[in-house]
There are 2 protein chains.
Amino acid sequence: MDRRRYEDIGVGDTSAFSKTVTEADIFAFCGIAGDFNPIHVDEAFAGHSRWQGRIAHGMLVASLVTRTLSALAGEGAVHVSQEVSFESPVRIGDTITVVSRVTEKIEDKRRVMVSSVWTNQDGTAVIRGRGEVLVPRERQGREV
Amino acid sequence: MDRRRYEDIGVGDTSAFSKTVTEADIFAFCGIAGDFNPIHVDEAFAGHSRWQGRIAHGMLVASLVTRTLSALAGEGAVHVSQEVSFESPVRIGDTITVVSRVTEKIEDKRRVMVSSVWTNQDGTAVIRGRGEVLVPRERQGREV
C-alpha cells in the first residue's frame with residue numbers, strides 16, 4: 001500500500017503509464033460497459049467507416065489514467081472528477097502512454113488537480129484531460 | 001446499424017441503461033486499465049477502509065454511459081468529450097442505471113450535448129456527467 005501523504009505531493013510531480021490496447025481489451029470492455037457499437041466490434045462494418053477499421057472505446061483509453069492518479073496521490077486517493085477530450089482514434093495494437101502531472105493543490109480541501117495527456121506510439125495526442133483527486137486523512141493508521 | 005440522422009435528434013430525448021456491476025467486471029477492468037489499486041482488488045485491505053469493502057473503479061462505472069450516447073445520437077456518433085463527477089461509491093453487486101438526456105444541439109457543428117445521471121438500486125446518484133458527441137454526415141450511404 002502506497003501511503004503517500006498529502007503533504008508529500010508537489011505541483012509538477014509526474015507519472016506515466018504505457019499499455020498496448022488489444023482486441024481482448026475491447027471485447028472485455030464491451031461486456032463491462034454494455035456497448036457493442038459496431039465501430040468497436042464489427043471489422044466488416046468498421047472497415048468501411050471513416051476510421052477504416054475498428055477503434056477502441058474512448059472511455060476504455062481514458063481509463064488508463066487511473067493508475068497514474070494512484071501513483072501521484074497515493075492508493076488511498078479518491079477520484080472526485082475527470083474530464084476528457086477525445087482527439088484521435090485508438091486502434092487495436094496502438095500503444096498508449098498517459099502522462100499525468102500535478103498542476104495544483106487545494107490545501108484546505110486536500111484536493112489535487114492533475115492534467116493528463118494520452119499519446120500513441122507516434123506521439124499523436126489521442127486524449128487530453130483533467131482530473132481531481134481527494135487525499136483523505138489517515139484514520140488509526142489503517143485508512144486508505 | 002442505427003443510422004439515426006442528426007435532424008431526428010431532439011432536445012429532451014432520453015435513453016437509459018441498467019447493469020449490475022460484478023466482481024468479474026472489476027477484475028477484467030483491472031487488466032484493461034492496469035489499475036490494481038487495493039481498494040478494488042484486495043477485500044482484506046478494503047474491508048478496513050472507509051468504504052468497508054471493495055468498490056468499483058469510478059471510470060468503470062462512468063463507462064456505462066457510452067451505450068446511451070449511441071442510443072441517443074446513433075451508432076455513428078463520435079464521442080468528443082466527457083465530464084464525470086464521482087459522488088458515491090459503487091460496490092460489487094450494485095445495479096447502476098444511467099439516464100442520459102439531450103440538453104442542447106449545436107447545429108452548425110453537428111454536436112449534441114448530453115447530461116447523464118448514474119444511480120444505484122437505492123436511487124442514490126453515484127455519478128453525474130456531461131458528454132458531447134458529433135454526428136458526422138453520411139458519406140455514400142456507408143458512413144458510420
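All values below were derived from every heavy atom in this structure, side-chain atoms included, with hydrogens, water molecules and symmetry-related copies excluded. To find a chain, count down the sequence lines: A is the first, B the second, and so on, and within it residues start at 1. Bear in mind that the values here come from a model prediction, so they are computed numbers and not experimental data.
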Does one hydrophobic cluster hold both [X] and [Y], with members joined at side-chain heavy-atom distances below 4.5 Å?
X       : Y        : value
B/Val11 : B/Val112 : yes
B/Ile39 : B/Phe27  : no
B/Ile92 : B/Trp118 : yes

Options A/Thr22, A/Asp25, A/Ile55, A/Thr68, ranked by heavy-atom pairs under 4.5 Å with chain B, top entry: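 That would be A/Asp25.
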Option that, when pairs with chain B are counted at under 4.5 Å, heavy atom only, ranks first among A/Gly129, A/Gly131, A/Ser81: A/Ser81
Less than 4.5 Å apart, any side-chain heavy atom of B/His79 and any of A/Met59?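 Side chain of B/His79 against side chain of A/Met59, heavy atoms only: contact under 4.5 Å found.
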Hey, could you give me the CZ/CZ distance between A/Arg50 and B/Arg137, rounded to the nearest 0.5 Å? 11.0 Å
Which region of [X], side chain (C-beta onward) or backbone (N, CA, C, O), has a non-hydrogen atom less than 4.5 Å from a non-hydrogen atom of chain A, or is it both or neither?
X       : value
B/Ala24 : neither
B/Phe29 : both
B/Val78 : side chain

Residue pair A/Thr66, B/Asn37: steps toward the side-chain contact (heavy atoms from CB on, under 4.5 Å) verdict: CA-CA 9 Å; A/Thr66 62; B/Asn37 190 310; over 6 Å; no
[atom1] ([X]) with more than 12 external heavy atoms under 6.0 Å:
X        : atom1 : result
A/Glu104 : CD    : yes
B/Gln121 : CD    : yes
B/Arg130 : CZ    : no

Kindly determine whether B/Ser63 and A/Leu60 satisfy side-chain contact (heavy atoms from CB on, under 4.5 Å), including the steps that lead there. CA-CA 8 Å; B/Ser63 297; A/Leu60 184 165; over 6 Å; no
Shortest non-hydrogen contact from B/Glu75 toward A/Pro38: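 Of all heavy-atom pairs spanning B/Glu75 and A/Pro38, the closest is OE1-CD, 3.3 Å.
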Full working for side-chain contact (heavy atoms from CB on, under 4.5 Å) between A/Asp35 and B/Leu64: CA-CA 8 Å; A/Asp35 177 2; B/Leu64 300 181; over 6 Å; no
Considering only heavy atoms and a distance below 4.5 Å, find which of B/Ala28, B/Ser85, B/Gly34, B/Gly58 pairs most often with chain A.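 Heavy-atom pairs under 4.5 Å are most numerous for B/Gly34.
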Before you tell me yes or no, could you show the steps for A/Gln82 and B/Glu83 under side-chain contact (heavy atoms from CB on, under 4.5 Å), namely the whole-Å CA-CA distance, both residues' side-chain angles and the distance that decides it to 0.1 Å? CA-CA 6 Å; A/Gln82 185 68 47; B/Glu83 303 174 13; over 6 Å; no
